*Asks:* 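I'd like to ask you about the structure that follows.
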Amino acid sequence: MSQSSHVAADAVSSQAKTLMTLLASINRDMAKLAHDLRQRPSVAEVRHGCDLREYKDAFRYEDQPFCAFEVYVEVDLVDGTARWWLLDVNCTPTGWELSRSITHDSAAGQDTEMLKMLSSPHFTEFAARAPVALFELLELARSGIPGSEQA
């Protein structure tokens with residue numbers, strides 16, 4: 001294997017490690033959010049989970065497949081309402097995306113707020129910016145539940 005092949009393989013290996021670390025930290029932080037919300041007296045039940053899926057999107061990518069890591073926290077409150085937070089990391093034909101949404105029960109049924117999407121054609125840039133986007137979602141979740149006084 002030539003020196004340039006080793007460098008290229010090391011870069012791929014480094015990006016793969018960075019991706020796995022990023023996905024693990026997102027899941028860990030969302031699991032911690034679920035744990036923290038369980039401690040609130042206004043919370044009846046909390047669910048947390050993640051999925052890794054492959055999709056096809058005829059509208060955006062002409063049916064080319066893309067992979068999505070989806071992580072969520074759902075909360076049922078003692079007042080009978082629910083809220084949930086969803087974060088998706090997508091590897092698409094055009095690059096990387098991180099989307100976030102907050103959904104809650106309302107008089108009309110459910111309201112969903114889509115937060116600003118983070119996207120980049122370059123993984124390194126995307127991975128550097130993703131933790132800030134995660135932090136913003138976590139802070140909104142922690143402040144959006146009754147009993148949100150932080151210790």
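The structure presented is a predicted model; accordingly, all values stated were derived computationally and were not measured. Numbers for residues simply follow the sequence, beginning at 1. Scope of the values below: all heavy atoms of this structure, side chains included, with no hydrogens, waters or symmetry mates.
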*Asks:* Tell me whether Val46 is reachable from Trp84 by hopping between hydrophobic residues (I, L, V, M, F, W, Y) whose side-chain heavy atoms are closer than 4.5 Å.
*Replies:*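 Shared cluster, no.
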
*Asks:* Please give me the minimum heavy-atom distance between Ala68 and Tyr55, naming the atom from each residue.
*Replies:*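 Result for this residue pair: CB-CE1, 3.7 Å.
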
*Asks:* Is it true that Thr92 and Asn90 share a donor-acceptor pair across their side chains at a distance under 3.5 Å?
*Replies:*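 Checked: Asn90/Thr92 side chains show no N/O donor-acceptor pair below 3.5 Å.
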
*Asks:* Go through the steps to decide whether Ser42 and Asp79 satisfy the test side chain to side chain contact (heavy atoms under 4.5 Å, CB included), and finish with yes or no.
*Replies:* CA-CA 8 Å; Ser42 61; Asp79 68 4; over 6 Å; no

*Asks:* Less than 4.5 Å apart, side chain to side chain, heavy atoms only: is that true for Leu138 and Leu134?
*Replies:*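 When only atoms from C-beta onward are counted, Leu134 and Leu138 do touch, with a gap below 4.5 Å.
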
*Asks:* Closest approach of Pro131 and Ala127, non-hydrogen atoms and distance?
*Replies:*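 Closest heavy-atom pair between Pro131 and Ala127: CD-O, 3.2 Å.
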
*Asks:* Taking all heavy atoms of Ala34 and all of His48, pick out the closest pair and write down the distance.
*Replies:*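 Distance-wise, the nearest heavy atoms are CB-CB, 3.8 Å.
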
*Asks:* Check Asp88 with Arg100, please: is the shortest side-chain N to carboxylate O separation under 4.0 Å?
*Replies:*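 No, Arg100 and Asp88 are not salt-bridged.
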
*Asks:* Give a yes or no on this: more than 12 heavy atoms of other residues, nucleotides or ligands lie within 6.0 Å of atom CD of Gln39.
*Replies:*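 Count over threshold, so yes.
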
*Asks:* Roughly how far, to the nearest 0.5 Å, is OG of Ser99 from CG of Leu115?
*Replies:*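 Rounded to the nearest 0.5 Å, the CG-OG separation comes to 9.5 Å.
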
*Asks:* Looking at every non-hydrogen atom in both residues, tell me the closest pair between Tyr61 and Glu97 and how far apart they are.
*Replies:*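 For Tyr61 versus Glu97, the nearest heavy atoms are OH-OE2, 3.0 Å.
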
*Asks:* If you group Ile, Leu, Val, Met, Phe, Trp and Tyr by side-chain heavy-atom gaps below 4.5 Å, do Phe135 and Met30 land in one group?
*Replies:*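 In one cluster: no.
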
*Asks:* Going through the checks in order, is the side chain to side chain contact (heavy atoms under 4.5 Å, CB included) test met by Ser13 and Lys17?
*Replies:* CA-CA 6 Å; Ser13 176; Lys17 287 178 187 175; 3.8 Å; yes

*Asks:* Between Pro41 and Val78, which heavy-atom pair has the shortest distance, and what is it?
*Replies:*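 Result for this residue pair: O-CG1, 3.8 Å.
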
*Asks:* Kindly indicate, with the supporting measurements, whether the criterion side chain to side chain contact (heavy atoms under 4.5 Å, CB included) is fulfilled by His104 and Gln110.
*Replies:* CA-CA 6 Å; His104 61 89; Gln110 295 175 347; over 6 Å; no

*Asks:* Is there a side-chain contact between Thr124 and Gln15, using heavy atoms and a 4.5 Å cut-off?
*Replies:*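 Heavy-atom side-chain distance check passes, below 4.5 Å.
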
*Asks:* Can you find a side-chain donor-acceptor pair between Asp105 and Thr81 that sits under 3.5 Å?
*Replies:*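 No.
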
*Asks:* Closest approach of Lys56 and Asp63, non-hydrogen atoms and distance?
*Replies:*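 Scanning both residues completely, I find the closest heavy atoms to be CD-O, 3.3 Å.
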
*Asks:* Could you walk me through whether Leu86 and Ile102 pass the side chain to side chain contact (heavy atoms under 4.5 Å, CB included) check?
*Replies:* CA-CA 7 Å; Leu86 175 65; Ile102 302 169; over 6 Å; no

*Asks:* Heavy atoms, side chains only, cut-off 4.5 Å: are Thr21 and Leu19 in contact?
*Replies:*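 The answer is no, as the side chains (C-beta and beyond) never meet within the 4.5 Å cut-off.
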
